[in-house]
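Written out below as structure tokens is the structure these notes cover.
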Amino acid sequence: MSRFAPSPTGFVHIGSLMAALVESKVAHQTGGVFFLRIEDTDKKREQDGSIEAIVQNLINFGLTPDEGIVAIHPEREVGAYAPYTQSERKTIYETFAKFLVAQGLAYPCFATESELTEIRKRQEARKVKPGYYGEYAIWRDKTIDEVKAQLAQGKAPAIRIRAPYPNPKVVRFHDHIKGDLEMPGNDQDMVLLKSDNALPTYHFAHPVDDTLMRVNIVIRGEEWLPSVPLHIMIFEYLGLPLPGFAHIAPIAKMDGSSKRKLSKRKDPEAAVSYYHEAGYPRQAVIEYLLNLANSDFEDWRKAHPGVPHTEFKLKLDHMSKSSPLFDLTKLNDISKEVIATYSAEQVYEHGLAWAEQFAPEFAAILKHDPAYSIAIFNIERGGDAPRKDLVKWEDMEASYGFLFDQPFAAGIRQHGYTWGKIAPSDVQMILTAIAQSDYQISKDEWLNAMRAHAEGMGFARDNKTYKKAPDQYKGHFGDFMMVVRVALTGKTNTPDLYEILHTIGSERVQARFAQALTALT
RNA sequence: GGCCCCAUCGUCUAGAGGCCCAGGACAAGACCCUUUCAAGGUUUAGACGCGGGUUCGAAUCCCGCUGGGGUCACCA
């Protein structure tokens, strides 16, 4: 049983997606349940619509939770341990807090914000460690009457834990990623329940909820590592069994000469939505993340082509202890490989889904004649050497748009034809000769026919021949074919010409040759 | 600054005392193939942060240093 427990701040970080991925995998490969719990105890930071965004992102990346908040609507909540939204669990936390107060393990604190900053200043002046502890914990040993007096004035207390001071015992625990760890025990009287709304802090909600919801492994970001002693203390005060822990190193990037955690403010690629918008197939993002999590994933992928990544067994103890640098180039490579495994139908389906959301005009073109679109995506696809030129759906129009009439026409209007070093008169000669030629023959026959044309017009039959005596030729066969390519596509780099010819059909072929010819005169 | 974590090619990493003058992938270079491009094939360059131990033997174990990161809230 594992959980993904984000707070609804309107932003899903790529590191969170990594955590959710690891959580879901670990739960599923041990026959457990992966659920989503919303940690909305800080009402100030909450953003409208962010719960929907979280669920949607999880669904987009194929990490739909089994329980908890599982869908946007209509039936949002599933599972036996509801509610899965912390603000709806208030009485539960209060009950646990009362239990602690009754035992003298927690106490009400009426310290104001200004008193707290005052304490901090004093600690700074004395050069002692900051915080609410020992002699600085001004409400630690107040009498019941003093508490009642505040209450009578209508003041609401925060509930703080009574930490052992000055000699907390050393905490030893095992982390499934980091290994055996030893840290000084907590001696700070941390807040359990907040004064303004009596909602719990993360530190308190985590032991309570994860126990009640039967979480047996807590997988979360490494930023929580320093507060593990506090958490363990709360579990012990409450008399609850400890879950397992696994702390994931954050994903970082280079900023000048220093490394830092991917930042929500500075780095667009920190947002999970970035990948969705750019049109990276979800499988590519997930496989990239899997590769960061367990680097032997790529060996597994090579050995098991076509097998869904859900079959891959993730090993927590193989995860890196240090922060990896995010590498967009590597993601692109993986994405290219992923798309290369897709059938033409799949490319059409995924590409269209992306375009409908982010490029509606191109979507309309794709949908106009689905069979034609699929035929286009079928060029150089399948077989042992599938074409690997598409990284993400965002690039689809640039790479394949010219095979559709409207984008082709628009491209010519914008850039015209780029004949390069071939003289216009030669271009005309080539096109005139080629325009009527038959291509309803095998590829080899067609290429031979083209080569014959090329040689007849003074082009070298191949690059090698040309290089031996460049002065004797107008160019080599490649130069000749480039003229055909540009006339047909308006571009200098395209997939295989023979396949293009057959895919776009003789009507378009004729029209395009004719258009190029008129453009010359 | 205190506490904690971490440290192998540019990047992600393999490596659990001899299998390692350190292996793979991405990126870079070269060559081959080739109707352009993208691929594909072959190939080159590229790392154990430093200093001490332990040991017949250390990338691997221990100590110190250095460097990087995280965290020190009534945010999560």
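Atom set for the values below is all heavy atoms of this structure, side chains included, hydrogens, waters and symmetry mates excluded. Letters A, B, ... mirror the listed sequences (proteins, then strands); counts begin at 1.
Taking atom NZ of A/K388 as the reference point, atom C1' of B/A38 lies 10 Å away to the nearest angstrom.
A donor-acceptor contact shorter than 3.5 Å is absent between the side chain of A/E337 and the backbone of A/A284. Using a distance-only test at 3.5 Å, with no hydrogens or angles considered, a donor-acceptor pair links the side chain of A/K178 to the main chain of A/K321.
Nucleotide B/A7 forms a pair with B/U66, judged by Watson-Crick or G-U wobble geometry with both contacts under 3.5 Å. Figure legend. B/U34 is base-paired to no nucleotide; pairs are counted as Watson-Crick or G-U wobble with both atom distances under 3.5 Å. Base pairing annotation: B/C72 forms a Watson-Crick or G-U wobble pair with B/G1, both donor-acceptor distances under 3.5 Å. Across every strand in view, B/A28 sits in a pair with B/U44 that passes the Watson-Crick or G-U test at under 3.5 angstrom.
In the region residues 157-177 of chain A, proximity to RNA chain B at under 4.0 angstrom, judged on heavy atoms, holds for A/A158, A/R160.
Judged by distance alone, the side chains of A/S7 and A/T9 never bring a donor and an acceptor atom under 3.5 Å apart. If you check the side chains of A/S50 and A/Q47, you find no donor sitting under 3.5 Å from an acceptor. Side-chain contact check for A/Y107 and A/D189: at least one donor-acceptor pair (N or O, by modelled atom type) lies under 3.5 Å.
Separating the P atom of B/C37 from that of B/G29 is a span of 15 Å, rounded to the nearest Å. Rounded to whole Å, the C1' atom of B/U43 lies 16 Å from the corresponding atom of B/G24. The same atom, P, is picked in B/A59 and in B/A22; the two are 11 Å apart, to the nearest Å. B/G53 and B/C75: their C1' atoms are spaced 46 Å apart (whole Å). B/A39 and B/C32: their C1' atoms are spaced 14 Å apart (whole Å). Remark: the separation of the P atoms in B/A30 and B/A14 is 31 Å, to the nearest Å. B/A16 and B/C74 are spaced 46 Å apart, taking the P atom of each and rounding to whole Å.
A search for side-chain hydrogen bond (donor to acceptor under 3.5 Å, both in side chains) contacts involving A/N332 returns A/Y280, not counting sequence neighbours. Under the salt bridge (Lys or Arg N to Asp or Glu O under 4.0 Å) criterion, A/K330 pairs with A/E298, not counting sequence neighbours.
Cation-pi geometry between A/K264 and A/F11 is satisfied (NZ or CZ under 6.0 Å from the ring centre, within 45° of the ring normal). Cation-pi check for A/K443 over A/W446 is not met; the charged atom does not lie both under 6.0 angstrom from the ring centroid and within 45 degrees of its normal.
Within 3.5 Å, no donor on the side chain of A/S295 pairs with an acceptor on the base of B/C12, nor the reverse.
As judged by a 4.0 angstrom heavy-atom cut-off over every strand, A/T41 is placed among residues touching the sugar-phosphate backbone only. The residue A/T494 sits close to a base: some heavy atom pair falls under 4.0 Å.
In terms of phosphate contacts, A/K336 brings a side-chain nitrogen or oxygen within less than 4.0 Å of OP1 or OP2 of B/A39.
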N/O contacts under 3.5 Å, protein versus nucleotides 5-11 of chain B?
{"from": "B/C5", "atom 1": "O2'", "to": "A/K178", "atom 2": "NZ", "distance (Å)": "2.9"}

Pull out every protein N or O sitting under 3.5 Å from an N or O of nucleotides 43-47 of chain B, one pair per line with the distance.
none

Each nucleotide N or O in nucleotides 33-35 of chain B that has a protein N or O under 3.5 Å away: list the pair and distance.
{"from": "B/C33", "atom 1": "OP1", "to": "A/K464", "atom 2": "NZ", "distance (Å)": "3.1"}
{"from": "B/U35", "atom 1": "OP1", "to": "A/R451", "atom 2": "NH2", "distance (Å)": "3.3"}
{"from": "B/U35", "atom 1": "O2", "to": "A/R485", "atom 2": "NH2", "distance (Å)": "3.3"}
{"from": "B/U35", "atom 1": "O4", "to": "A/K443", "atom 2": "NZ", "distance (Å)": "3.4"}
{"from": "B/U35", "atom 1": "O4", "to": "A/D496", "atom 2": "OD1", "distance (Å)": "2.4"}

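The aromatic ring centres of A/F477 and A/F459 sit 6.0 Å or more apart. Between A/Y439 and A/Y498, the ring centre distance reaches or exceeds 6.0 Å.
Aromatic ring orientation, A/Y93 versus A/F204: tilted (interplanar angle from 30° to 60°).
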